[in-house]
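The structure appears below as structure tokens.
The basis for the numbers below is simple: all heavy atoms, side chains too, and nothing from hydrogens, waters or symmetry mates. So you know, we letter chains A, B, ... as the sequences are listed, proteins then strands, and number each from 1.
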2 protein chains.
Amino acid sequence: MTTAPIDRRQRRRQETIEEVLDVAAAIMAEQGAAGLSLGEIARRMGIRPPSLYVYFPSKHAVYDALFARGAQSLLDVIQDADRTDLEKLTTFDAFLLGAAGVFVRWSVEHPAYSQLLFWRPVPGFAPSPEAYRPAVELLGLTTQRFADLQHRGLVRRDVPPEQVTRDWTVLSSGVTSQQPSNAPDESFDTGRFVQALPDLVAMFARYYSEPRSTAARGRASRADQR
Amino acid sequence: MTTAPIDRRQRRRQETIEEVLDVAAAIMAEQGAAGLSLGEIARRMGIRPPSLYVYFPSKHAVYDALFARGAQSLLDVIQDADRTDLEKLTTFDAFLLGAAGVFVRWSVEHPAYSQLLFWRPVPGFAPSPEAYRPAVELLGLTTQRFADLQHRGLVRRDVPPEQVTRDWTVLSSGVTSQQPSNAPDESFDTGRFVQALPDLVAMFARYYSEPRSTAARGRASRADQR
DNA sequence: GTCTATATGACGATAGAC
DNA sequence: GTCTATCGTCATATAGAC
């Protein structure tokens with residue numbers, strides 16, 4: 001009899017927190033990540049700015065929750081694609097192009113989140129370790145993916161998977177950094193930098209894939225170098 | 001007799017404008033591009049905030065001048081390196097690594113400027129065409145460079161130079177976007193993403209260089225001898 | 001012409017009434 | 001849990017001293 005109202009109150013509180021974040025994400029999408037203001041959140045919710053402090057101790061706490069939300073959303077999208085579409089793609093090129101497409105599409109369609117996640121547009125704000133955790137998990141997932149591909153003989157064996165991941169993130173973030181700043185109104189399908197993906201993936205694949213027709217020669221020459 | 005005081009006054013005014021921009025750039029370097037405030041500029045200059053409006057009609061005008069300054073500084077650095085160091089490098093790989101190094105070094109050592117130039121951290125601010133002009137000129141310069149390398153037989157002839165430039169800027173901006181957001185305290189020499197440059201350049205060069213085993217080798221070596 | 005003094009409204013944040 | 005009142009700071013604007 002005493003726990004039921006508490007649960008309901010906590011559920012109601014959680015719903016309000018979610019509503020704050022929904023409204024905040026909408027404002028960020030319109031004004032840019034640094035254009036968020038507590039007054040505007042309160043205005044759209046029909047309350048006064050001080051009432052927001054019941055749910056968040058500061059504006060940075062709102063940013064931190066948004067960061068965690070964005071990172072989790074991206075991780076979900078990647079993991080979901082990993083389990084469905086990408087599982088079917090057997091060649092190195094096809095898998096890479098599919099994975100890059102999923103990542104870049106999310107970034108282009110959530111420019112405010114990707115601005116908050118990958119750049120540092122808000123002065124004085126840095127994500128907490130908890131908010132950063134899904135991003136670290138995504139990095140580990142990517143490295144594990146490349147290690148798997150290496151074991152399956154699709155990736156060169158003479159480089160650590162961490163290096164492959166590092167260069168892969170540079171390529172991906174290069175596209176997601178050029179597209180919104182140079183041509184923010186282009187969609188995923190029409191974006192001129194998004195259209196660079198097939199070439200960039202082919203470039204990456206040619207460099208890091210295990211040479212097929214010359215596999216024996218490649219191993220022999222690398223062995224000779226020792 | 002009447003022009004002399006006017007010239008001196010205009011020179012004094014120009015000096016004040018330069019001082020405003022010096023101070024503003026220092027604040028941006030400390031606080032991030034969006035952390036600039038007119039009050040802080042005035043405080044450091046020992047004047048009152050309204051006095052700044054004598055030299056700049058708005059805060060966005062200060063940002064616009066900073067954008068123009070940063071773009072011009074980058075263009076100067078690239079053009080200078082183009083005329084001196086890079087002129088000596090004859091192979092495709094060596095030239096690319098040198099050019100990428102100059103660009104990335106400038107970006108890492110001027111994080112606030114590069115944030116303002118390549119991302120859109122300030123809500124509501126977009127550079128004017130005049131401020132953007134050096135950036136356009138740099139893009140044209142880069143495309144011209146790749147067209148030259150194509151004529152000298154060092155770059156594949158089956159792709160337009162604009163495509164080579166597009167993929168080149170993705171690589172470069174990928175490094176300059178990852179380095180300050182993921183490891184802002186690392187220098188040009190220790191930066192883990194800066195250290196990816198040799199691999200990324202080799203990847204790019206292997207994809208876009210004219211295959212050596214064809215007749216292009218004769219043309220390339222003749223061009224190198226000039 | 002250039003500055004100081006002053007005013008306005010928005011911002012993030014806090015204290016306390018109900 | 002939401003409000004009003006308030007604080008200090010911000011960008012911006014105008015009036016007026018010199």
- line: Rounded to whole Å, the CG-P distance (A/Leu52 to C/dG12) equals 9 Å
task: Identify whether any heavy atom of B/Leu36 sits under 4.0 Å from a base atom; if not, whether one sits that close to sugar-phosphate; answer base, sugar-phosphate or nothing.
output: sugar-phosphate
message: To the closest 0.5 Å, what do you measure between CG (A/Asp167) and CZ (B/Phe193)?
response: 9.5 Å
- request: Please tell me if the side chains of A/Val122 and A/Leu36 come closer than 4.5 Å, counting only heavy atoms from C-beta onward.
  value: no
task: Determine the contact category for B/Phe56: base if any of its heavy atoms lies under 4.0 Å from a base atom, sugar-phosphate if only primed atoms, P, OP1 or OP2 are that close, otherwise nothing.
output: nothing
task: When you get a sec, tell me which of C/dA13, C/dA5, C/dC11 is the closest nucleotide to the side chain of A/Arg43?
output: C/dC11
query: OP1, OP2 of C/dT4 versus side-chain N and O of B/Ser51: anything below 4.0 Å?
result: yes
message: We want to know whether A/Ser177 and A/Trp119 form a side-chain donor-acceptor pair, criterion being a heavy-atom distance below 3.5 angstrom.
response: no
- request: For A/Pro49, report the nucleic acid contact type (base, sugar-phosphate, nothing); a contact means any heavy atom under 4.0 Å.
  value: nothing
query: For the residue pair B/Tyr63 and B/His60, does the interplanar ring angle fall in the parallel (under 30°), tilted (30 to 60°) or perpendicular (over 60°) class?
result: perpendicular
- line: Taken to the nearest whole Å, CD1/B/Ile47 to P/C/dT4 is 7 Å
task: May I have the step-by-step check of salt bridge (charged side-chain N to carboxylate O under 4.0 Å, His left out) for A/Arg69 and A/Asp22, ending in yes or no?
output: CA-CA 10 Å; A/Arg69 236 197 189 200; A/Asp22 286 341; 2.8 Å; yes
- request: Using chain A heavy atoms and a threshold of under 4.0 Å, write down where along DNA chain D the contacts begin and end, 5' to 3'.
  value: D/dG1 to D/dA5
query: B/Gln163 versus B/Arg166: any side-chain heavy-atom pair under 4.5 Å?
result: yes
